[in-house]
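These notes concern the structure reproduced below.
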Amino acid sequence: MEEYLINLKYMKKIILVLFFLFIYCKTVKKEELYLGSGKEQAIFNIINDFSKTEKTKKGEYYEIVNIEESKDFYRFLISNNFKINIDTINLIGLKPSYIPSKFKEINNCLYIWSDSSVAVNEKMIKMLDKYNAIDSTIFKIQKGMLSESQWPVIENSENIKMLSYYVCKKNVSIYNKKWATHKYSIDEDLLKKCK
């Protein structure tokens, strides 16, 4: 009987430890947001939020564009599956604003953005190619490989997601998002939290 009670005490302790480990692991996962300031940290928070809260499909890519910046806020637009039109075959080493130079891959989805201080490198081109994100039609037309009648057409698809994020510059873990089809201003709650 004593042996049974000793085993029961150990079992209770083991269950308690496992319970706290479970809670701790869940808490760590929720707190993956970057704190503090910085544009790249804001982008990482957007990627983290978007990848966890929006329905994404394996193999999709999403471009993050800094469309507005004020004294207190960044405003980013994140959209999916817009082909990147290139007009030169040799992008490596260049810093064009229309070609993404940074990326993060999460759950077989690619998140891309431009950073004017970073040149396009071979790894970036390979990632864009892996996700079929490059359209070289303009380059081929300029080189005479295709006729001008084959100019790429940008289609408005209902499958395109466009979310607008306002992110507080002082603390990039404070943000809000809305579908970009609606023009909106920064809400009062976000302004208060950011101050």
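Index from 1, following the sequence. Please read these numbers as outputs of a predicted model, since none were measured by experiment. Excluded from the calculations below are hydrogen atoms, water molecules and symmetry mates; all remaining heavy atoms, backbone and side chain alike, are included.
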Where do K178 and Y166 land on the side-chain contact (heavy atoms from CB on, under 4.5 Å) test, with the steps shown first? CA-CA 9 Å; K178 292 194 180 181; Y166 275 103; over 6 Å; no
Got more than 12 heavy atoms from elsewhere within 6.0 Å of OH, Y34? no
Does some side-chain heavy atom of I112 sit less than 4.5 Å from a side-chain heavy atom of L128? yes
Tell me which one of K123, K130, K58 satisfies salt bridge (charged side-chain N to carboxylate O under 4.0 Å, His left out) with E105. K130
Using the rule given for side-chain contact (heavy atoms from CB on, under 4.5 Å), can you reason through T56 versus F50, listing the C-alpha separation, both sets of side-chain angles and the distance that settles it, and then say yes or no? CA-CA 9 Å; T56 59; F50 189 87; 3.8 Å; yes
Working for side-chain contact (heavy atoms from CB on, under 4.5 Å), residues F76 and I78: CA-CA 6 Å; F76 297 97; I78 183 168; over 6 Å; no
Measuring only between side-chain heavy atoms, which start at C-beta, is I47 closer than 4.5 Å to I106? yes
Hey, what do you get for OH (Y175) to CG (D49), rounding to the nearest 0.5 Å? 3.5 Å
Measure up the Y111 and Y62 rings against each other and bin them: parallel (under 30°), tilted (30 to 60°), perpendicular (over 60°). parallel
Under the criterion side chain to side chain donor-acceptor pair (under 3.5 Å), I'd like the reasoning laid out for S70 against D72: C-alpha separation, chi angles, the key distance, then a yes or no. CA-CA 5 Å; S70 69; D72 298 319; 5.7 Å; no
Between CG of L35 and CD1 of I174, what distance do you get to the nearest 0.5 Å? 9.5 Å
Enter the distance from N80:CG to C109:SG here, rounded to the nearest 0.5 Å. 9.5 Å
Before you tell me yes or no, could you show the steps for L163 and I46 under side-chain contact (heavy atoms from CB on, under 4.5 Å), namely the whole-Å CA-CA distance, both residues' side-chain angles and the distance that decides it to 0.1 Å? CA-CA 10 Å; L163 280 174; I46 288 169; over 6 Å; no
With a distance cut-off below 6.0 Å to the six-membered ring centre and an angular limit of 45° from the axis, does K39 pair with Y74 as a cation-pi contact? no
Can you list the residues that meet the salt bridge (charged side-chain N to carboxylate O under 4.0 Å, His left out) rule with K126, with sequence neighbours excluded? E122
Is it the case that the side chain of S101 and the backbone of D115 share a donor-acceptor pair, with hydrogens and angles ignored and the cut-off at 3.5 Å? yes
